[in-house]
Amino acid sequence: MYDMKALYQAESVQDAVALRLAHPEAQIIAGGSDVLVQMREGKRAGKELISIQRLDELRGVSLEEDGTLRIGSLTSFSHITRDPLIQKYINVLGEAVDQVGGPQIRNIGTIGGNTCNGVTSADSASTLHAWDAVVELTGPEGKRLQPIRDFYIKAGKVDIREGELQTAILIPKESYDRCFGHYIKYAMRSAMDIATLGTSVNVRLSPDGKTVERARVAFGVAGPVPLRAETAEKLAAGQPVSLDLAEAFAQAVKEDINPRDSWRAARDFRMHIAVESAKRAFIESVKLAGGEL
């Protein structure tokens with residue numbers, strides 16, 4: 001059923017690094033929800049695999065001393081959705097990954113696998129971009145931190161270097177403190193479907209809830225990699241909360257996105273969805289943050 005050359009089982013992170021160096025062409029396998037499907041399709045036939053499934057140190061969510069939210073790369077989608085720290089500080093990420101596939105996929109699929117695939121349609125990707133996530137990679141020289149926007153190089157390719165594996169996703173306190181967000185996935189079906197477009201917005205309001213101190217908006221499937229719409233973000237910063245601002249914010253995203261035509265949707269349709277979903281997600285984020293529109 002699965003045409004593989006060899007399967008190596010890592011017993012620790014350093015063991016995984018050593019295996020990566022010894023077998024540079026080998027594919028890391030975590031939950032297997034993507035790799036095994038690709039193997040059955042013949043896309044990875046005859047490949048060597050390095051399993052990191054036993055590395056429990058890469059599972060779970062924790063809060064570091066400086067307030068950084070740490071999500072181990074082997075943490076499953078269902079675990080993220082239910083985790084108390086995620087629910088308290090960045091609930092929108094739990095909502096986003098709860099739209100991945102079905103329950104079986106969410107139970108085995110991991111946040112590390114979702115990001116390391118490098119696909120623009122990954123449900124976690126736009127939210128992680130909108131919250132300024134940092135990718136932790138461990139390799140022969142130790143740990144390396146990479147802003148997630150630089151981690152994605154091109155469609156299907158991420159910045160993982162020789163001997164490295166992704167070990168965590170980090171959300172700095174500055175990125176989530178007093179911030180509230182909303183994610184909208186548009187797909188042809190309501191479940192078990194890849195996003196036609198994914199939109200993630202978050203805002204930080206002034207203490208009285210009347211001014212936008214900071215806004216973030218990121219998209220999946222609005223370009224070859226997930227991306228931020230910084231023109232809209234700059235437009236909203238420091239502005240009074242209003243429906244007019246929500247509309248201007250949404251229209252401004254067109255300056256930074258570049259969706260393509262595909263069998264799933266035409267470019268113009270994706271542009272329309274991007275504007276509408278940015279407006280709706282902005283309004284919902286403002287409401288979650290205690291603002292009135």
Side-chain angles (χ1 to χ4, degrees), residues 67 69 71 80-81 83-100 122-134 148-149 169 171-187 195-222 226-257 270-293:
L69 199 61
I71 308 170
I80 289 171
T81 300
D83 187 87
L85 289 172
I86 296 293
Q87 292 176 352
K88 180 177 180 180
Y89 294 114
I90 184 172
N91 193 46
V92 62
L93 179 60
E95 294 173 347
V97 299
D98 201 40
Q99 298 184 53
V100 176
D123 286 302
S124 68
S126 55
T127 295
L128 292 174
H129 275 68
W131 293 77
D132 302 302
V134 176
I148 197 162
R149 63 191 305 164
I169 300 288
I171 312 292
K173 184 176 181 180
E174 167 61 21
S175 298
Y176 68 77
D177 190 35
R178 295 176 41 236
C179 293
F180 297 83
H182 187 61
Y183 174 72
I184 296 175
K185 175 180 181 176
Y186 184 93
T196 302
L197 191 91
T199 307
S200 190
V201 174
N202 68 76
V203 301
R204 178 188 293 138
L205 301 185
S206 58
D208 63 6
K210 294 183 178 181
T211 304
V212 177
E213 289 187 357
R214 193 200 79 175
R216 296 285 186 269
V217 54
F219 294 94
V221 210
L227 56 86
R228 291 255 298 274
E230 295 187 2
T231 301
E233 296 175 357
K234 292 174 182 176
L235 181 148
Q239 298 300 309
V241 170
S242 68
L243 288 175
D244 286 342
L245 178 62
E247 179 63 31
F249 174 85
Q251 291 295 330
V253 304
K254 292 188 289 188
E255 298 296 321
D256 296 305
I257 63 175
R270 280 198 171 100
M271 290 290 283
H272 171 75
I273 299 169
V275 171
E276 185 62 27
S277 60
K279 180 179 178 179
R280 295 185 186 188
F282 180 85
I283 290 172
E284 183 62 25
S285 297
V286 167
K287 289 179 180 178
L288 290 169
E292 295 184 3
L293 290 159

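Note that these values count all heavy atoms, side chains included, but never hydrogens, waters or copies made by symmetry.
- Annotation for Arg214: atom CZ counts as buried by contact number, over 12 foreign heavy atoms lying within 6.0 Å.
- The minimum heavy-atom distance linking Ile283 with Ala246 is given by the pair CG1-CB, 3.8 Å.
- Put simply, the side chain of Asn91 does not reach to within 4.5 Å of the side chain of Leu93, judged on heavy atoms.
- A salt bridge does not link Glu284 with Arg280: none of the charged nitrogens is closer than 4.0 Å to a carboxylate oxygen.
- For the atom pair Thr199 OG1 and Lys185 NZ, the distance stands at 12.5 Å (nearest 0.5 Å).
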Fill in: Verdict with supporting geometry, Val201 and Ile184, side-chain contact (heavy atoms from CB on, under 4.5 Å)
CA-CA 9 Å; Val201 174; Ile184 296 175; over 6 Å; no
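- Rounding to the nearest 0.5 Å places CG of Leu69 at 8.5 Å from OH of Tyr89.
- Salt-bridge formation is not detected for the pair Lys234/Glu255: no Lys NZ or Arg NE/NH1/NH2 atom is positioned less than 4.0 Å from an Asp or Glu carboxylate oxygen.
- Side-chain contact annotation: Glu95 with Gln99, donor-acceptor N/O pair under 3.5 Å absent.
- When all heavy atoms are compared, the tightest approach of Val217 to Ala232 is CG1-CB, 4.2 Å.
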Item to complete: Any chance you could lay out the side-chain contact (heavy atoms from CB on, under 4.5 Å) test for Tyr186 and Val221, step after step, and finish with the verdict?
Response: CA-CA 10 Å; Tyr186 184 93; Val221 210; over 6 Å; no
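- Taken to the nearest 0.5 Å, the OH atom of Tyr183 stands 7.5 Å off from the OG atom of Ser200.
- A distance-only check finds no donor-acceptor pair linking the side chain of Ser175 to the backbone of Ile171 [under 3.5 Å].
- Looking at Thr196 and Arg270, their side chains come closer than 4.5 Å, going by heavy atoms from C-beta outward.
- Taking CG of Leu197 as the reference point, atom CD1 of Ile257 lies at 7.0 Å (rounded to 0.5 Å).
- Taken from CZ in Arg149 to NE2 in His129, the straight-line distance is 7.5 Å, to the nearest 0.5 Å.
- If you take CG on Asp123 and CG on Leu128, they are separated by 11.0 Å, rounding to the nearest 0.5 Å.
- Nearest approach of Gly181 to Leu288, heavy atoms of both residues: O-CD1, 3.4 Å.
- For the pair Cys179 and Glu213, the minimum side-chain heavy-atom distance is 4.5 Å or more.
- Side chain to side chain, Tyr176 and Asn202 fail the donor-acceptor criterion of an N or O pair below 3.5 Å.
- Taking all atoms of both residues into account, the shortest heavy-atom contact from Val241 to Thr211 is CG2-N, 4.0 Å.
- Proximity of a side-chain donor or acceptor of Gln87 to a complementary backbone N or O of Thr81 within less than 3.5 Å is detected.
- Shortest non-hydrogen contact noted between Leu205 and Gly290 is CD1-C, 4.5 Å.
- Looking at every heavy atom in both residues, Ala195 comes nearest to Ala187 through CA-CB, 4.4 Å.
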Practice prompt. Dump the intermediate steps for side-chain hydrogen bond (donor to acceptor under 3.5 Å, both in side chains) on Asp208 and Ser206, then the final yes or no.
Written response: CA-CA 5 Å; Asp208 63 6; Ser206 58; 2.5 Å; yes
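- A heavy-atom distance below 4.5 Å is not found between the side chains of Leu85 and Ile71.
- Looking at Ser126 and Phe219, their side chains never come closer than 4.5 Å, going by heavy atoms from C-beta outward.
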